[in-house]
A.B. asks: 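The structure is given below, and queries will be raised subsequently.
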Amino acid sequence: MHITAYICLVIATLCWGGNTVAGKLALGHVSPMTLTFLRWTLATALIAAVSLPQLKRDWPIVRNKLPLLLFYGMVGYTLFNAMLYSAVKYTTAINVAIEQAGIPMLIFLLNLVFFRTGVSAAQVAGFGMTLVGVALTAAHGDLATLLRLSLNRGDALMLVAVAAYSIYTIFLRWKPPVDWRTLMAFPALAAALTSLPLLLWESAAGNAQLPDGKGWIITFYTAIFASLVAQILYIKGVEWIGANRAGLFINLVPVFGTLLSVLLLGETLQLFHIVSLVLTLGGIAIAERGRPKRSTSTVSASPMD
């Protein structure tokens with residue numbers, strides 16, 4: 001059972017790592033906001049088609065928590081992916097992949113500030129390492145650029161995406177007690193609806209591009225694999241080995257994203273990328289191993305929805 005769980009979690013994080021590469025491959029084949037809208041429209045249709053009876057059973061609970069579920073879709077699904085797909089227009093997919101490792105660190109800081117969760121010296125040291133790693137990536141290996149406030153536009157957009165997903169994860173502590181399919185279907189619907197104004201804005205600016213053949217392949221990948229398959233496999237992994245152990249596999253997302261960027265996009269893996277990966281993943285591992293034993297765990301949620 002553990003081996004099966006590990007396989008499921010590895011495939012899930014591979015799918016999420018591929019989402020970054022998909023955003024880069026989409027350039028010239030489908031515009032960012034069009035991709036975001038189509039992805040969540042397709043995902044909503046697919047999840048609703050296979051779980052309509054469950055959605056009806058959960059509706060009495062959903063009705064009372066509808067604003068919260070809409071918030072999940074708007075921030076965690078639409079804003080995160082719209083920023084990610086826009087970021088890869090201006091920076092490398094490797095940078096975008098590594099910068100996503102900043103999500104656990106920011107979640108930790110938000111929990112500390114707003115909920116006074118327990119903190120250990122190891123966590124402070126670990127997330128300090130992560131911060132340096134993400135900053136090094138955003139600065140393209142030259143931390144002095146941060147002092148001059150000269151960030152690449154794409155890296156700045158990706159930092160907004162990191163903040164959006166971290167806020168989404170924090171708010172999951174108030175998620176309603178419904179089936180996982182319901183918890184995904186209604187935010188996915190909200191994502192499709194809230195991405196529509198972005199699509200209209202993109203169209204008004206003359207930047208909208210409907211998918212061509214390759215664009216449709218990328219769109220279906222993001223809707224099926226990065227959204228549904230990854231989510232299902234991650235949930236199964238959590239059921240079999242627990243949220244804390246499964247959560248560690250999330251650290252594979254920037255690793256897979258980096259490797260896929262090199263293999264599929266031909267991007268150059270530079271020394272500062274390797275140093276950043278070591279710092280970010282090592283920092284997260286130190287923080288996880290050194291967490292207070294009685295501290296309240298952050299809600300475990302799938303990343304890169």
Side-chain angles (χ1 to χ4, degrees), residues 3 6-32 35-36 39 80-81 83-104 130 133-134 136-141 152 154-155 157-159 161-162 165 211-234 237 248-285 302-305:
I3 293 176
Y6 298 155
I7 293 173
C8 287
L9 291 167
V10 168
I11 295 175
T13 52
L14 178 61
C15 290
W16 283 321
N19 186 46
T20 300
V21 177
K24 193 73 171 182
L25 289 172
L27 298 179
H29 299 281
V30 56
S31 53
L35 175 58
T36 303
R39 171 185 177 176
F80 173 79
N81 284 286
M83 292 298 99
L84 186 153
Y85 295 146
S86 298
V88 293
K89 293 172 61 178
Y90 307 102
T91 191
T92 66
I94 292 178
N95 273 32
V96 168
I98 296 175
E99 283 157 1
Q100 289 178 71
I103 292 174
T130 299
V134 172
L136 187 64
T137 304
H140 292 244
N152 177 292
D155 296 302
L157 289 171
M158 196 57 214
L159 294 180
V162 167
Y165 204 87
D212 56 16
K214 185 175 180 179
W216 277 115
I217 293 174
I218 294 167
T219 300
F220 276 103
Y221 170 82
T222 60
I224 296 172
F225 291 96
S227 299
L228 299 180
V229 172
Q231 177 79 349
I232 292 169
L233 294 178
Y234 183 78
L248 291 175
F249 282 80
I250 293 174
N251 298 333
L252 290 174
V253 174
V255 175
F256 282 135
T258 299
L259 293 176
L260 289 171
S261 298
V262 173
L263 294 174
L264 300 180
L265 301 176
E267 293 187 352
T268 302
L269 185 64
Q270 301 185 48
L271 178 60
F272 77 84
H273 287 132
I274 298 173
V275 173
S276 297
L277 273 175
V278 171
L279 286 171
T280 53
L281 300 182
I284 291 170
S302 61
M304 322 318 134
D305 281 323

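In this chain, numbering begins with 1 at the start of the sequence shown.
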A.B. asks: Which residues pass the side-chain hydrogen bond (donor to acceptor under 3.5 Å, both in side chains) test with S31, not counting sequence neighbours?
C.D. replies: T34, E202

A.B. asks: So how far is it from T13 OG1 to F256 CZ, rounded to the nearest 0.5 Å?
C.D. replies: 4.5 Å

A.B. asks: Measure the SG-CD1 distance between C8 and I3 for me, rounded to the nearest 0.5 Å.
C.D. replies: 12.0 Å

A.B. asks: Is the closest side-chain heavy-atom distance between T36 and T222 below 4.5 Å?
C.D. replies: no

A.B. asks: With the side chain counted from C-beta on, respond yes when F225 and L14 share a heavy-atom pair under 4.5 Å apart, and no when they do not.
C.D. replies: no

A.B. asks: Write down the atom of L27, the atom of V88, and the distance for their closest heavy-atom approach.
C.D. replies: CD1-O, 3.5 Å

A.B. asks: For residues K24 and L264, determine if any side-chain heavy atom of one lies less than 4.5 Å from a side-chain heavy atom of the other.
C.D. replies: no

A.B. asks: What heavy-atom pair brings Q231 and W16 nearest, and what distance separates the two atoms?
C.D. replies: N-CZ2, 4.2 Å

A.B. asks: Which value, rounded to the nearest 0.5 Å, describes the distance between I103 atom CD1 and F80 atom CZ?
C.D. replies: 5.0 Å

A.B. asks: Shortest non-hydrogen contact from A226 to C15?
C.D. replies: CB-O, 4.1 Å

A.B. asks: What pair of heavy atoms forms the shortest contact from T258 to A97, and how long is it?
C.D. replies: N-CB, 3.8 Å

A.B. asks: Which word best sums up how the rings of F220 and W216 line up, parallel for under 30°, tilted for 30 to 60°, or perpendicular for over 60°?
C.D. replies: tilted

A.B. asks: What is the minimum heavy-atom distance between G154 and T91, and which atoms define it?
C.D. replies: C-CG2, 3.8 Å

A.B. asks: Apply side chain to side chain contact (heavy atoms under 4.5 Å, CB included) to residues Q270 and I94 and explain how you reach the verdict.
C.D. replies: CA-CA 10 Å; Q270 301 185 48; I94 292 178; over 6 Å; no

A.B. asks: So which heavy atom on L265 is nearest to which on A93, and how close?
C.D. replies: CD1-CB, 3.6 Å

A.B. asks: Check whether any side-chain heavy atom of N95 sits under 4.5 Å from a side-chain heavy atom of E99, and report yes or no.
C.D. replies: yes

A.B. asks: Taking the side chain as every heavy atom from C-beta outward, state whether P254 and L281 have any atom pair closer than 4.5 Å.
C.D. replies: yes

A.B. asks: So K214 and V30, do their side chains get closer than 4.5 Å, heavy atoms only?
C.D. replies: no

A.B. asks: Flag the pair R39 / N19 as yes when at least one side-chain heavy-atom distance between them is below 4.5 Å, and no otherwise.
C.D. replies: yes

A.B. asks: Could you give the distance from CD1 (I11) to OH (Y234), rounded to the nearest 0.5 Å?
C.D. replies: 15.5 Å

A.B. asks: Around Y221, counting heavy atoms of other residues, nucleotides and ligands shown, do more than 12 lie under 6.0 Å from its OH?
C.D. replies: yes

